[in-house]
Visitor: 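For reference, the structure I am asking about is given below.
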Amino acid sequence: MKSRFAPSPTGYLHIGGARTALFAWLWARKEQGKFILRIEDTDRERSNQASVDAILDGMKWLGLDYDEGPYYQTDRFDRYKIVVQQLLEEDKAYYCECSQERLQTLRDKLMAKGEKAKYDGHCQHKNLTAGVVRFRNPAEGNVVFSDLVKGEISVHNKELDDLIIARSDGTPTYNLTVVVDDHDMEIDCVIRGDDHINNTPRQINLYEALGWDLPAFAHLPMILGGDGARLSKRHGAVSVMAYRDAGFLPEALLNYLVRLGWSHGDQEVFSIDEMIRLFDLKDVNKAPGSFNQDKLLWLNQEYIKTADMTHLIEQLDWHLNSQAIDVSGGPDITKVVDVLRERSKTLVEMAQSMKMFYQDFDRFDEKAASNQFKPSAEPIIKALIDHYSQLEDWSSTEIHDIVKTVCDEQGVGFGKVGQPFRLALSGTGNAGSIDVVAELVGKERTLARLKLALDYIAQIDN
RNA sequence: GUCGCCUUCGUCUAUCGGUUAGGACCCCAGGUUUUCAUCCUGGUAAGAGGAGUUCGAUUCUCCUAGGCGAUGCCA
């Protein structure tokens, strides 16, 4: 069994494309068949190599590997020419030289009359030898097919016109190439967005004219933005790689995408293996769904919390580089990640939080500092410095005991000591349990930061 | 305009004629926590509208409305 993903390289791999690719990939993996990547670049005006690379990068990051391809339609022009020629010879297609202007006025006229805008067959019997090539669509009857997602779909041939299968420059168009390729590549199930539903009856007529067996069709509902409109840039990031940049784990995005339009009871979290095992086109929803960033964020945190440490660090590496954080010479990264994984929604956040362990800072968050570093905190911080500078065994338990000792000595509660200490350590006030954090930050840096806090208090005193 | 597809909490969804319409995200309240977060408990919130079929419709049929898509020498 074979399925395919066939994007046209006119931009990056976007969320909708990724979801389509995922479903087609899942189907192939579930059927233990093959998954093919085909680049539909027949529109040379809009296609470019940068887009091909972006799509390949996106697929790679998501882990959607393919067994064949990428095939490029521009490499197969000879094959399409043969098919067009065959159709021409069998009188199943004909040349048409209607001008764009004529076509446009024809459309306007029909629309004004309240009819469907379609080609009127002007050149059908002219026996021309140049121009665009049009397929002779059957005039009567209707095309009925059973979509694996949508169920039975029926369209009258009257609604269909003689579509152009080759441009006047001889290059083939989408509806022809897709049929030829899906046939030649032995695709058993065409899984694509439901914006192609309207093309399917035309393609079916082409299959029949060519005497080819029909594949199964599964049309996936679109993904809309939160406002119900088609997903676009104004809804935020639509490029898959932008999600990598924003600190999402590929498996979290995949999990989010698979649940958008598909479900398995009440289950929300699926490993890749579970998706493959449980996925079924019959459980795919018919209605379009809208993209919800909050849920993605939640899933991302779920994955950050439970991800395999090695994998997590691999994914984190890109962000460490982009934020210029050098972890060599600092505390063990696995210990730092362990502290941070429960409080990071994204890898970007995690990398930011990591700075306090690997980089020095010379100022505190102003708002937090004005709250915490009051003159009353001065003796507490001094006491911490005194005790810690004498501490030999720099461990979280010892560090914790000293905080308690200081509480007792100063006659204050844990909060009075812990809060300024935490701010001194982190600079922002956001940190995990202070003893563990202090241990990881190290004795030298901890003392330096406490002294910095003292400087801050001295400065506001004056 | 015409044709096609779609319609359960704000969002993602469960339900395969009989349920107090369930779960998840978000939000709110409470608890745990030295902060934040995690975690735990609870709460708010839905069948587009109208006809039928049926003992009984969210579920089946039809109509209307709304949304999306197509109507390209784009894919």
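Every chain is numbered from 1 and lettered A, B, ... according to where its sequence line falls, protein lines coming before strand lines.
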Visitor: Using the C1' atoms only, state how far B:U20 lies from B:G1, rounded to an integer number of Å.
Guide: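 To the nearest whole Å, 48 Å.
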Visitor: Could you tell me whether the side chain of A:Thr177 and the main chain of A:Tyr174 form a donor-acceptor pair under 3.5 Å?
Guide: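 Present.
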Visitor: Specify the separation, in whole Å, of atom CD1 of A:Ile402 and atom C1' of B:U34.
Guide: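 So the CD1-C1' distance, A:Ile402 to B:U34, works out to 17 Å.
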Visitor: Looking at A:Asp194 and B:G69, is any side-chain donor or acceptor paired with a base atom of the opposite kind under 3.5 Å?
Guide: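 When only heavy-atom distances are counted, A:Asp194 does not reach the base of B:G69 through any donor-acceptor pair under 3.5 Å.
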Visitor: If I pick the C1' atom on B:G23 and the same atom on B:G72, what distance separates them, to the nearest angstrom?
Guide: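 The same atom, C1', in both gives a distance of 45 Å.
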Visitor: Is there a Watson-Crick or G-U wobble partner for B:A57 with both distances under 3.5 Å, and which nucleotide is it?
Guide: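 When the pairing criteria are applied, nothing turns out to pair with B:A57, so the answer is none.
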Visitor: Check this for me: does the side-chain of A:Asp266 come within 3.5 Å of the base of B:G22 through a donor and an acceptor?
Guide: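 Yes, a donor-acceptor pair under 3.5 Å.
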Visitor: If only side-chain N and O atoms of A:Lys404 are considered, is one of them under 4.0 Å from the OP1 or OP2 phosphate oxygen of B:U34?
Guide: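 For A:Lys404, the contact criterion (side-chain N or O under 4.0 Å from OP1 or OP2 of B:U34) is not met.
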Visitor: Taking the P atom of each, how far is B:G18 from B:U13, in whole Å?
Guide: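 After rounding to an integer number of Å, I get 23 Å for this pair.
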Visitor: Could you check how far NZ of A:Lys286 sits from P of B:U59, rounded to whole Å?
Guide: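 Taking NZ of A:Lys286 and P of B:U59, I get 14 Å after rounding.
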Visitor: Measuring from the side chain of A:Lys345 (C-beta onward, heavy atoms only), which nucleotide among B:G1, B:U38, B:U34 has the closest atom?
Guide: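 It is B:U38.
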Visitor: Verify whether one side chain among A:Thr405 and A:His387 offers a donor that lies under 3.5 Å from an acceptor in the other.
Guide: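 Distance-only check fails for A:Thr405 and A:His387.
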Visitor: Let's test this: given Watson-Crick or G-U wobble pairing with both distances under 3.5 Å, identify the partner of B:G1.
Guide: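 Paired with B:G1, as far as the under-3.5 Å criterion goes, is B:U71.
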Visitor: In whole Å, what is the span from the OH atom of A:Tyr174 to the C1' atom of B:U71?
Guide: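 After rounding, the reported distance stands at 16 Å.
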Visitor: Is the shortest side-chain N/O distance from A:Asn199 to OP1 or OP2 of B:G69 below 4.0 Å?
Guide: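 No, because none of the side-chain N or O atoms of A:Asn199 sits under 4.0 Å from OP1 or OP2 of B:G69.
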Visitor: Under 4.0 Å, counting only non-hydrogen atoms across every strand here, what does A:Ile434 touch: a base, just sugar-phosphate, or nothing?
Guide: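 A:Ile434: base contact, heavy atoms under 4.0 Å.
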Visitor: Thinking salt bridges, do A:Asp181 and A:Arg79 make one under a 4.0 Å N-O criterion?
Guide: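 No, no charged N to carboxylate O under 4.0 Å.
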Visitor: Can you tell me, in whole Å, how much space there is between the P of B:C28 and that of B:A37?
Guide: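 Approximately 11 Å lies between the P atom of B:C28 and that of B:A37.
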Visitor: Can you tell me the distance, in whole Å, between the CE atom of A:Met222 and the P atom of B:C12?
Guide: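 In whole Å, B:C12 P lies 15 Å from A:Met222 CE.
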Visitor: How long is the line joining CD of A:Gln267 and P of B:A24, in whole Å?
Guide: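 Interatomic distance, CD of A:Gln267 to P of B:A24: 13 Å.
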Visitor: Does any nucleotide pair with B:A24 by Watson-Crick or G-U wobble geometry, both distances under 3.5 Å, and what is it?
Guide: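 Paired with B:U11.
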Visitor: Just how far, in rounded Å, is P of B:U11 from NZ of A:Lys295?
Guide: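 Going from NZ in A:Lys295 over to P in B:U11 covers 13 Å.
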Visitor: Picking from B:U34, B:C3, B:A24, which would you name as closest to the side chain of A:Trp298?
Guide: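 In terms of side-chain proximity for A:Trp298, the closest of B:U34, B:C3, B:A24 is B:A24.
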Visitor: Determine: side-chain N/O of A:Thr42 to OP1/OP2 of B:C74, distance under 4.0 Å, yes or no.
Guide: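 So the side chain of A:Thr42 is outside the cut-off, no N or O lying under 4.0 Å from OP1 or OP2 of B:C74.
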Visitor: Tell me which nucleotide among B:C6, B:G1, B:A75 gets nearest to the side chain of A:Met111.
Guide: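 Looking only at side-chain atoms, A:Met111 lies closest to B:G1.
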Visitor: Need one value for A:Ala287: base, sugar-phosphate or nothing, where a base atom within 4.0 Å counts as base even if backbone is also close, heavy atoms only.
Guide: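 Sugar-phosphate only.
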Visitor: When you measure from the side chain of A:Glu268, which nucleotide among B:C5, B:G23, B:C3 comes out closest?
Guide: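 Out of B:C5, B:G23, B:C3, the nucleotide with an atom closest to A:Glu268's side chain is B:G23.
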Visitor: Of the nucleotides B:U11, B:A75, B:A37, which has the atom closest to the A:Ser8 side chain?
Guide: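 Comparing B:U11, B:A75, B:A37 against the side chain of A:Ser8, the answer is B:A75.
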Visitor: What does A:Glu302 touch in the nucleic acid at a heavy-atom separation under 4.0 angstrom: a base, only the sugar-phosphate, or nothing?
Guide: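 If one applies the 4.0 Å heavy-atom cut-off, A:Glu302 turns out to touch the sugar-phosphate alone, with no base involved.
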Visitor: Using whole Å, what does the distance between atom P of nucleotide B:C74 and atom CG of A:Leu176 come to?
Guide: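 After rounding, the gap between these two atoms is 13 Å.
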Visitor: Side chains of A:Asn48 and A:Ser51 only: does a donor on one sit below 3.5 Å from an acceptor on the other?
Guide: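 Looking only at side-chain atoms, A:Ser51 and A:Asn48 do form a donor-acceptor pair, the distance falling under 3.5 Å.
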Visitor: Which of the following nucleotides, B:A75, B:C36, B:C73, is nearest to the side chain of A:Glu40?
Guide: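 Selected nucleotide (nearest to the side chain): B:A75.
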Visitor: I'd like to know if A:Asp120 and A:Arg102 make a salt bridge, using a cut-off of under 4.0 Å between side-chain N and carboxylate O.
Guide: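 Counted as a salt bridge, because a side-chain N and a carboxylate O are separated by less than 4.0 Å.
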Visitor: Does the side chain of A:His122 pick up a donor-acceptor pair with the side chain of A:Glu97 at under 3.5 Å?
Guide: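 Short answer, no.
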Visitor: Mind checking if A:Gly131 touches a base, just sugar-phosphate, or nothing, with heavy atoms under 4.0 Å?
Guide: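 Nothing, no heavy atom under 4.0 Å.
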Visitor: Once you apply a heavy-atom cut-off of 4.0 Å, does A:His156 come out as touching a base, just sugar-phosphate, or nothing?
Guide: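 Here A:His156 touches no strand at all.
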Visitor: Determine the interatomic distance between C1' on B:A45 and the same-named atom on B:G22; round to the nearest Å.
Guide: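 After rounding to an integer number of Å, I get 14 Å for this pair.
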Visitor: Please compare A:Ala6 and A:Glu152 by the position of their nearest nucleotide in RNA chain B and report the one closer to 5'.
Guide: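 Residue closer to the 5' terminus by nearest nucleotide: A:Glu152.
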Visitor: With rounding to whole Å, what would you report as the distance between B:C6 and B:A14 at their P atoms?
Guide: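 It comes out at 15 Å once rounded to the nearest Å.
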Visitor: Output the single nucleotide from B:U35, B:C39, B:C25 whose closest atom is nearest the side chain of A:Lys305.
Guide: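 Of the options given, the side chain of A:Lys305 lies nearest B:C39.
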Visitor: May I ask you to say whether A:Asp78 pairs ionically with A:Lys81, meaning some side-chain N is under 4.0 Å from a carboxylate O?
Guide: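 No.
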Visitor: Which pair of heavy atoms, one from A:Arg449 and one from A:Phe364, lies closest together, and at what distance?
Guide: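 Looks like O-CZ, 3.9 Å.
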Visitor: What distance, rounded to whole Å, do you find between the two C1' atoms, one in B:A46 and one in B:C55?
Guide: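 The same atom, C1', in both gives a distance of 27 Å.
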Visitor: Can you find a donor-acceptor N/O pair under 3.5 angstrom joining the side chain of A:Arg259 to the base of B:U13?
Guide: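 Result: no qualifying N/O pair found.
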Visitor: Please give me the minimum heavy-atom distance between A:Tyr456 and A:Phe373, naming the atom from each residue.
Guide: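 What the structure gives for the nearest pair is CD2-CB, 3.5 Å.
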Visitor: If I pick the P atom on B:U11 and the same atom on B:U64, what distance separates them, to the nearest angstrom?
Guide: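 Rounded to whole Å, the distance is 26 Å.
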Visitor: Need the pair for B:A46. Rule: Watson-Crick or G-U wobble, both distances under 3.5 Å, any strand; none if unpaired.
Guide: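 Paired with B:A46, as far as the under-3.5 Å criterion goes, is no nucleotide at all.
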Visitor: In whole angstrom, give the distance that lies between atom CZ of A:Phe145 and atom P of B:G4.
Guide: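 Going from CZ in A:Phe145 over to P in B:G4 covers 12 Å.
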Visitor: Quick check for you: among B:A70, B:U34, B:C73, whose closest atom lies nearest to any side-chain atom of A:Arg107?
Guide: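 For A:Arg107, the side-chain atoms sit closest to B:C73.
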Visitor: By nearest nucleotide on RNA chain B, pick out whichever of A:Asn292 and A:Val155 is the more 5' one.
Guide: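 This one resolves to A:Val155.
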Visitor: Quick one: which of B:C3, B:C6, B:U13 gets closest to the side chain of A:Asn285?
Guide: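 Out of B:C3, B:C6, B:U13, the nucleotide with an atom closest to A:Asn285's side chain is B:U13.
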Visitor: With a 4.0 Å cutoff (strictly under), does any side-chain N or O of A:Arg167 reach OP1 or OP2 of B:G72?
Guide: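 Indeed not, no polar side-chain atom of A:Arg167 lies that close.
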Visitor: Is there a side-chain polar atom (N or O) of A:Ser344 under 4.0 Å from OP1 or OP2 of B:A37?
Guide: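 No, A:Ser344 has no side-chain N/O under 4.0 Å of OP1/OP2 on B:A37.
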Visitor: Tell me whether the side-chain N or O atoms of A:Ser168 pair up with the base of B:C73 as donor and acceptor below 3.5 Å, since no angle test is needed here.
Guide: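 Indeed there is one.
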Visitor: So if I take every side-chain heavy atom of A:Ser290 and compare against B:U38, B:C12, B:C5, which nucleotide ends up nearest?
Guide: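 Minimum distance to the A:Ser290 side chain belongs to B:C12.
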